[in-house]
Amino acid sequence: MRSLRPAHRPLFSSPSSTLLFSAAALPPSVPVSREESEDSQDTPLTTTSFTTHGGGGRVARCLDFPLFDRLLKTHHSLRPLQQVHALLATGGLLRHPHLGSQLILAYANLGFLHCSRVVFEEFNGSNSLLWNTMARVYTKNGCSGEAVELYSCMRRGGIPANNYTYPFVLKACAFSPMVSVGKSVHCDVIKTGFESDVFVEAALVDMYSKCGEIPHGRKLFDGMLERDLVSWTAMITAYEQSEKPKESLLLFHQMQEEGFVADRVTSITVASAVAQLGDTRTARSLHGFIIRNSFLADVAVGNAVISMFAKCGDVKLARLVFDAMDERDGISWNSMLSGYAQNGHASEALALFDQMLFSGPEPNPVTLLVVVSACAHLGSLHLARQLHSFVISSNMEVNMMLWNAIMDMYAKCGDLDTAVGLFSVGLDGRRDVNSWNVMISGFGMHGRGREALKLFQDMQEEGVLPNHITFTSLLSACSHAGLIQEGKEAFNDMGSKFMIAPMAKHYVCVVDMLGRAGRLEEARDLIAQMPIGPNDAVWGALLGACRIHGNRELGEFAAKRLFHLEPGHSGYYVLMSNVYAASTKWDEVGKLRDTMKSRGLRKPAAFSVIEIGREVHGFHTADLCHPDHAEIYRKIESLVEEMKVAGYEPDVACVLHDVEEEDKAQILNLHSEKLAVAYGIMKVEAGRPIQVTKNLRICNDCHCAFKFLSQICGRRIVVRDANRFHHFSEGACSCRDYW
DNA sequence: ATAGGGTTAG
C-alpha cells in the first residue's frame, strides 16, 4: 500500500529562481517578487511548509482564485503547468480543493499521472473532491488497480464517499474487471444510502455486466425505480457485448415504448446489435431512425452504421454512408475496408486502401490487418510484396496479429518460402499459437502435409498448446496430402489428449479426408456418429467426395439434406449436377438447372487471374474481352497440338453439358485457367514461374494439361484454386493427382 | 466545482 502522507521529495528540486523566473508562459501581469520565493528556497514545497511560513500570504494576495482557475483551464505543456503548480504552492492556494482538483486533472491530461498524484498528496486533505478527482484520473487512464486502492484508502481514512465517488470506482471495477471488489463497493453504496442514485445505479448495472454477471445487472436494472436513457443504454449494451443481439433489440424496443428516445450513444450500440443479427431490414430501419434524428453528423454513429450494413452483407449501402460522411476518421476507413473484406470484395478493399493512402488518414495496424487479409484472399503476390514493404517502411508498430496475417498472406499468394522465412525469424523472436496455425495451414494448402505434421510436433516441443484452429489446419493438411492415418490420429488426440471437443468444422475436414480417399461409407458413418448435429458444410464435404468418386446414391443422400438446410447455396446444386453429369444423367442435370433458375440461383462464373509485372489480367471462360484474345487462342491451339504429341488426351468428361464430343474438346480449350496460363506462357519471361489464381476448383482436364505444359515449356506453373495450390513442374503436380 | 452508457480487427 502506498503512503498517502505528503511526499518527502518535492516535485521541483529548486522551487525558487529557476522555475519561477523563467516563467515565459505566465502572463506578464503576474507579479512575483524574487525575495518572496527565495524565502522558501530550502523548504520542500508542501502544504505544511507554506502554512507555517508567513511569506506565502503576500503572494496569495496577488495571485487570486479566478486567475488560477483560468490559468488551469487553458491548455498547457508540462513546463508552464509546473510553474503554475509552484505558484499555487507558494501562494498556499493549493489548499483550495477546486484548484487542487483542476491541477490534478491538468497533469493527467498531459499524461503525467505521477504529478497528479504528487498534487493529491500535497493536498492531503479530507475533502472528497480531491479524492474523487484522483480516482477519476486513475479510472480514465485505465489504472483500475490504483483507483480501487485509492478507494480503500479513502474508506480506511474515514473520508466519506459520495454519489460522485462510486461511479468512478465502479467504472474501474468494470474496466479490469473485478467483480468481488465491485460487490463490496455495492455493499458500501447500500450502507451509505446511495443505492437509488441514477448515476450510481447505472454504474452498478454496467459494472456487473462488464464483469460478465449480466443477470445480476439485469436484476438491479429491473429493480430501478427510475431509469433514464443512460441506464437503458447500459443494459442494452450489456446484451450487445455478450453477443445476444435479440435481447438487446428487445430491450431497445421496450425502452422506446416507455417513451425514451435513443441518442447517439444508444444508436451506436443498437447498430452493433443489428450488425450481429445481420438483418438488412432492421438495419435499414435503424438507419432511417438515425437519419431522422440527424445523428449521422456524428462520425462514431456513421462508423457504426457502416459496419452494421457491412455485417448485414449490404456493402453498397455501407459505401453510400461512407461517401456521404462529412468527416471520416481512421475507424471510418477501417470499417469500410473490413466491410469489403468480410464480404469477399477484396479488390474493392484494396482500391479503397489506395484512396486512403492518397487522401485519408494514416493507416494503422488494424487497417493493414484488413488489407493484408484482403490481399491474401485475392492472391496477388505482387500486391503482397508491396503491402509488406509498406508495413516495413511505415514504421508502424507491428503486432503479432498483423505479423501472422502477413505470413498468411504470403502463403496464400503462393510464396510459402517467404512465409517460412518470416516464421523462423519470428516477431522480435516471438511467435504465438496463431503463428504456428498459419504455417501449418500454409503447408497444408500447398499439399505439404508431412511438413505440417512436423510443425505440429515442433510446436508441442516448444510448449505451445494447440487450439481448435490448429486442428482445423492440421486436419485439412492431412486431407490435402492424403495422410489418412495421421489425420485420424490427430482427430482422436484432439479430444483425448488436448481436451478440445471436435467442432463441426473439424468433422468437415475429416469427412473431406475420408471422402477424398474414397472411404465414403466411413465418412457417412462418421457423420451419423456426430454428437453435434451435422451442418451443411459436413454434408457438402460428403457430396464433394461423391463427385470425385462418382457415387450418385450417396450424393443424392447428402444433396437432399443440403437442399433442405441451405436451399439458397448455389454451390451444392452445382456439385450435385456434376455428380449427375459424370454418370450422364442429363435429364437430372437439367432438372437441377431448372430448380436453380426458379430459385434465382446462378452458378458463379469461372474466373482466373494472372499477374504479369504490375498488370493484372483476368479471364472468364471463352473470354473475348482481352485485347490479345485472338493471339491467346492461337497459342492454346498450338500448345494443345504439342501436348497431344506428348500423349495428352482431352478429358471430355469434364464438360458438363450434353454436346458433341468435338465441341467438348473446344470448350475445354477455352477454360479460364487455360487462357490465363497460355497468356502467361506468352508474356512471362522464360524460366520464370507462371502463377494463376482461379475462383473455383481447377478442372480435371486443365490439371492434366498443365502437367504436360510444365514439361513442354520447361517452367513451373502454380495454380491456386478455391481449395488449394497446385505446383506443376516437370510433368507432375505437387498434389500427386490427389485433390 | 466532480458522475453513469460508445464504433473498427484473427
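Both backbone and side-chain heavy atoms feed into the values below; hydrogens, waters and symmetry mates do not. Chain A is the first sequence line, chain B the second, and so forth, proteins listed ahead of strands; every chain is numbered from 1.
A:K140 NZ: 12 or fewer foreign heavy atoms inside a 6.0 Å radius. Within a 6.0 Å radius of CZ in A:F175, no more than 12 heavy atoms belonging to other residues, nucleotides or ligands are found.
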Derivation and outcome, side chain to side chain contact (heavy atoms under 4.5 Å, CB included), residues A:L72 and A:L88
CA-CA 10 Å; A:L72 284 168; A:L88 270 172; 4.1 Å; yes
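For DNA chain B, the residues of residues 209-224 of chain A within the heavy-atom distance limit of 4.0 Å (strictly under) are A:K210, sorted by number. Listed by residue number, A:D197, A:V198, A:F199 are the residues of residues 188-201 of chain A with a heavy-atom contact under 4.0 Å to DNA chain B. Taking a 4.0 Å limit (strictly below) on heavy-atom distances, residues 236-245 of chain A reaches DNA chain B at A:T237, A:Q241.
Proximity of the aromatic rings of A:W131 and A:Y151 is defined here by a centroid distance below 6.0 angstrom, and this criterion is not met. The six-membered or imidazole ring of A:F456 lies away from that of A:F443, with a centre-to-centre distance of 6.0 Å or more. If you look at A:F353 and A:W333, their ring centroids are not closer than 6.0 Å. Aromatic pair A:F68/A:H96: centroids not less than 6.0 angstrom apart. Residues A:F252 and A:W232 keep their aromatic ring centres 6.0 Å or farther apart.
In this structure, A:R724 has no salt bridge (Lys or Arg N to Asp or Glu O under 4.0 Å) partners at least two apart in sequence or on a different chain.
Not one N or O on the side chain of A:S248 forms a donor-acceptor pair closer than 3.5 Å with the backbone of A:K244.
First and last contacts of DNA chain B with chain A, using any nucleotide atom under 4.0 Å from a protein heavy atom and ordered 5' to 3', fall at B:dA1 to B:dG10.
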Side-chain atoms of residues 202-213 of chain A: list all donor-acceptor pairs with protein atoms under 3.5 Å, sequence neighbours left out, distances to 0.1 Å.
unit_1	atom_1	unit_2	atom_2	d
A:D206	OD1	A:K210	NZ	2.7
A:D206	OD2	A:K210	NZ	3.0
A:Y208	OH	A:H186	ND1	2.7
A:S209	OG	A:V205	O	2.7
A:E213	OE1	A:H216	ND1	3.3

